[in-house]
Trainee: 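Below is one structure. I have some questions about it.
Hydrogens, waters and symmetry mates play no part in the numbers below; they use all other heavy atoms, side chains included.
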Amino acid sequence: MHLFDKRTSASILLAVLDSATLAFLIYLALNLRIYFFPLFFSSLPIFAHTLKKYLWFIAIYLAVLIYEGAYSKRFTFWDEVRMLWKSTIISTIAILFILFVTKQSEQYSRVVIITWSFLSFLFMPVIRPKIKTILYRTGIGKAKLLVIGAGENGIRFLRAIRQEHNLGYEVAGFVDDTVNKGDREGVRVFRFINDIDRYIDASDIDSVAITADNRAQEETLNIVIKIHHKVKTIFYVPDIRGIPVIGSELRHFFNEDIFAIEIKNNLENPFNYILKRGFDYTVSLLLLPFV
């Protein structure tokens with residue numbers, strides 16, 4: 001196995017591009033402090049800090065991204081946005097804490113730090129997914145996914161993957177012994193699930209999705225055991241149509257080795273209820289003149 005496989009190389013390239021983006025945002029924050037803010041706040045002192053002084057901020061941000069799995073996991077778009085917002089907040093707190101502990105707070109501009117944090121919060125969720133999309137289109141970082149089960153649940157999963165460009169998955173095919181050979185939604189259907197490991201080796205499959213269309217538990221378990229050490233990720237797609245997914249979380253009970261889907265009633269929280277009502281009334285009032 002090579003020291004740097006394709007996935008590792010793609011992660012390194014993405015980290016370099018993230019660093020360039022963060023450096024540009026620091027440069028932008030410095031220029032706002034030098035040329036823009038003094039136009040409105042004449043009491044601000046003369047500012048002569050250089051970009052080099054603030055570049056170590058990038059190392060803090062990258063460390064947080066690595067901890068959050070930004071280079072080892074594949075996120076849907078909104079999961080990535082949430083991850084980047086969280087990383088920005090944690091990075092800012094960490095930087096301010098480091099400056100406080102090392103007693104260097106007076107040597108750095110808090111205006112620059114807060115401005116850079118705001119710009120990162122605003123633009124990283126826009127720029128980073130765009131960069132990933134460009135990389136995927138050139139084949140960098142893209143991964144092949146095999147779907148076991150070409151039934152309705154498998155088709156729905158295929159459509160979901162195709163709509164989530166941020167994941168970077170290419171569905172290489174279906175494997176299903178219960179349907180005729182051919183294709184589904186333009187994706188080829190293979191037979192003989194028992195040969196799944198051969199398909200994985202032949203097509204350089206990175207991930208496998210197992211859909212639960214009338215599949216026996218024992219059969220699913222056997223498939224997982226057979227391919228667990230051959231792919232990086234296995235998705236299990238249960239058939240839970242009709243169950244609300246927004247606000248749902250997965251709970252694992254270690255003692256019995258089972259998991260459950262916890263469905264929360266977010267409107268039970270008074271704050272969420274008031275916020276939703278306020279949003280509904282505001283939108284209604286704005287649309288009233290057009291009715």
Side-chain angles (χ1 to χ4, degrees), residues 1-2 4-11 69 72-77 79-80 132-133 135-245 248 250 252 257-261:
M1 185 175 182
H2 296 292
F4 294 108
D5 58 16
K6 292 181 179 179
R7 185 170 182 175
T8 303
S9 301
S11 297
S72 58
K73 300 178 183 178
R74 294 179 182 270
F75 295 92
T76 62
F77 175 77
D79 284 340
E80 177 137 11
K132 290 174 66 176
T133 299
L135 292 178
Y136 291 151
R137 285 178 179 173
T138 59
I140 299 174
K142 202 164 188 179
K144 291 184 179 181
L145 184 144
L146 197 63
V147 180
I148 299 178
E152 186 176 352
N153 209 29
I155 297 297
R156 293 173 68 242
F157 182 76
L158 168 67
R159 292 170 181 168
I161 288 293
R162 284 178 168 175
Q163 292 171 9
E164 278 292 350
H165 304 292
N166 203 62
L167 288 172
Y169 280 119
E170 174 190 354
V171 178
F174 290 103
V175 182
D176 197 325
D177 289 336
T178 64
V179 299
N180 295 326
K181 291 181 66 176
D183 63 72
R184 295 286 188 277
E185 303 273 328
V187 176
R188 187 177 176 183
V189 179
F190 299 93
R191 302 293 299 276
F192 310 117
I193 289 180
N194 290 334
D195 292 334
I196 182 69
D197 52 341
R198 182 168 60 86
Y199 295 139
I200 291 173
D201 294 335
S203 302
D204 192 23
I205 300 298
D206 181 89
S207 302
V208 170
I210 303 173
T211 62
D213 287 319
N214 301 319
R215 193 174 307 283
Q217 181 180 354
E218 184 178 353
E219 182 185 2
T220 299
L221 180 60
N222 290 335
I223 293 173
V224 172
I225 293 173
K226 190 172 186 178
I227 67 175
H228 185 255
H229 299 291
K230 286 184 169 289
V231 294
K232 292 184 174 67
T233 305
I234 298 176
F235 294 96
Y236 177 69
V237 189
D239 188 0
I240 54 172
R241 283 169 292 178
I243 297 178
V245 294
S248 300
L250 198 63
H252 187 195
D257 197 22
I258 64 171
F259 66 84
I261 299 175

Trainee: So how far is it from Asn222 CG to Ile193 CD1, rounded to the nearest 0.5 Å?
Mentor: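 Reported value, rounded in 0.5 Å steps: 11.0 Å.
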Trainee: Is there side-chain contact between Leu146 and Ile196, with at least one heavy-atom pair below 4.5 Å?
Mentor: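 Yes; the side chains approach each other to less than 4.5 Å.
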Trainee: Does a side-chain heavy-atom distance below 4.5 Å link Asp206 with Val231?
Mentor: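 They are not in contact (no side-chain heavy atoms under 4.5 Å apart), so the answer is no.
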Trainee: If every non-hydrogen atom of Ile140 is compared with every non-hydrogen atom of Ala10, which pair is closest and at what distance?
Mentor: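 Minimum heavy-atom contact is CG2-CB, 3.8 Å.
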Trainee: Kindly compute the distance separating NE2 (His165) from CZ (Arg137), expressed to the nearest 0.5 Å.
Mentor: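 His165 NE2 to Arg137 CZ: 8.0 Å, rounded to 0.5 Å.
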Trainee: In terms of side-chain geometry, is the basic nitrogen of Lys230 or Asp201 positioned less than 4.0 Å from the acidic oxygen of its partner?
Mentor: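 A salt bridge links Lys230 with Asp201.
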Trainee: Rounded to the nearest 0.5 Å, what separation is found between the OG1 atom of Thr233 and the CD1 atom of Ile205?
Mentor: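 Here the interatomic distance stands at 12.5 Å.
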Trainee: How long is the gap from CZ on Arg74 to CG on Leu145, to the nearest 0.5 Å?
Mentor: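 Rounded to the nearest 0.5 Å, the CZ-CG separation comes out at 9.5 Å.
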Trainee: Under a 4.5 Å cut-off applied to non-hydrogen side-chain atoms, are Phe157 and Ile161 in contact?
Mentor: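 Yes, at least one pair of side-chain atoms sits under 4.5 Å.
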Trainee: Of all heavy-atom pairs between Thr76 and Asn166, which one has the smallest distance, and what is that distance?
Mentor: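 Looking at all heavy atoms of both residues, the closest pair is O-ND2, 3.8 Å.
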Trainee: Taking atom NE2 of His228 and atom CD1 of Ile223, what is their separation to the nearest 0.5 Å?
Mentor: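 These two atoms lie 14.0 Å from each other.
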Trainee: Spell out, as yes or no, whether a donor-acceptor pair under 3.5 Å connects the side chain of Thr138 to the backbone of Leu135.
Mentor: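 Yes: the side chain of Thr138 pairs with the backbone of Leu135.
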Trainee: Does some side-chain heavy atom of Leu158 sit less than 4.5 Å from a side-chain heavy atom of Arg184?
Mentor: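 When only atoms from C-beta onward are counted, Leu158 and Arg184 do not touch, as no gap falls below 4.5 Å.
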Trainee: Any chance you could lay out the side chain to side chain contact (heavy atoms under 4.5 Å, CB included) test for Arg162 and Val187, step after step, and finish with the verdict?
Mentor: CA-CA 12 Å; Arg162 284 178 168 175; Val187 176; 3.2 Å; yes
Trainee: How about Arg191: does its CZ atom have over 12 heavy atoms from other parts shown lying under 6.0 Å from it?
Mentor: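 Count over threshold, so yes.
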Trainee: Kindly compute the distance separating CD1 (Ile148) from OG1 (Thr211), expressed to the nearest 0.5 Å.
Mentor: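 Rounded to the nearest 0.5 Å, the CD1-OG1 separation comes to 8.0 Å.
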Trainee: So, does Glu185 use its side chain to make a donor-acceptor pair with the main chain of Arg159 at under 3.5 Å?
Mentor: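 Such a contact is absent between Glu185 side chain and Arg159 backbone.
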Trainee: Does NZ or CZ of Arg188 fall inside the cone over Phe174's six-membered ring, less than 6.0 Å from its centre and within 45° of the axis?
Mentor: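 Ring-cation test returns no.
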Trainee: Just do the side chain to side chain contact (heavy atoms under 4.5 Å, CB included) check on Val237 and Ile210 with the steps written out, would you?
Mentor: CA-CA 6 Å; Val237 189; Ile210 303 173; over 6 Å; no
Trainee: Could you check whether the rings of Tyr169 and Phe235 sit parallel, tilted or perpendicular, using 30° and 60° as the cut-offs?
Mentor: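 Correct class here is perpendicular.
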Trainee: Could you walk me through whether Val171 and Val147 satisfy the side chain to side chain contact (heavy atoms under 4.5 Å, CB included) test, starting with their C-alpha distance in whole Å, then the side-chain angles of each, then the deciding distance to 0.1 Å, before giving a yes or no?
Mentor: CA-CA 7 Å; Val171 178; Val147 180; 4.0 Å; yes
Trainee: Kindly indicate whether the side chain of Ile227, heavy atoms from C-beta on, has any atom under 4.5 Å from the side chain of Ile234.
Mentor: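 They are in side-chain contact.
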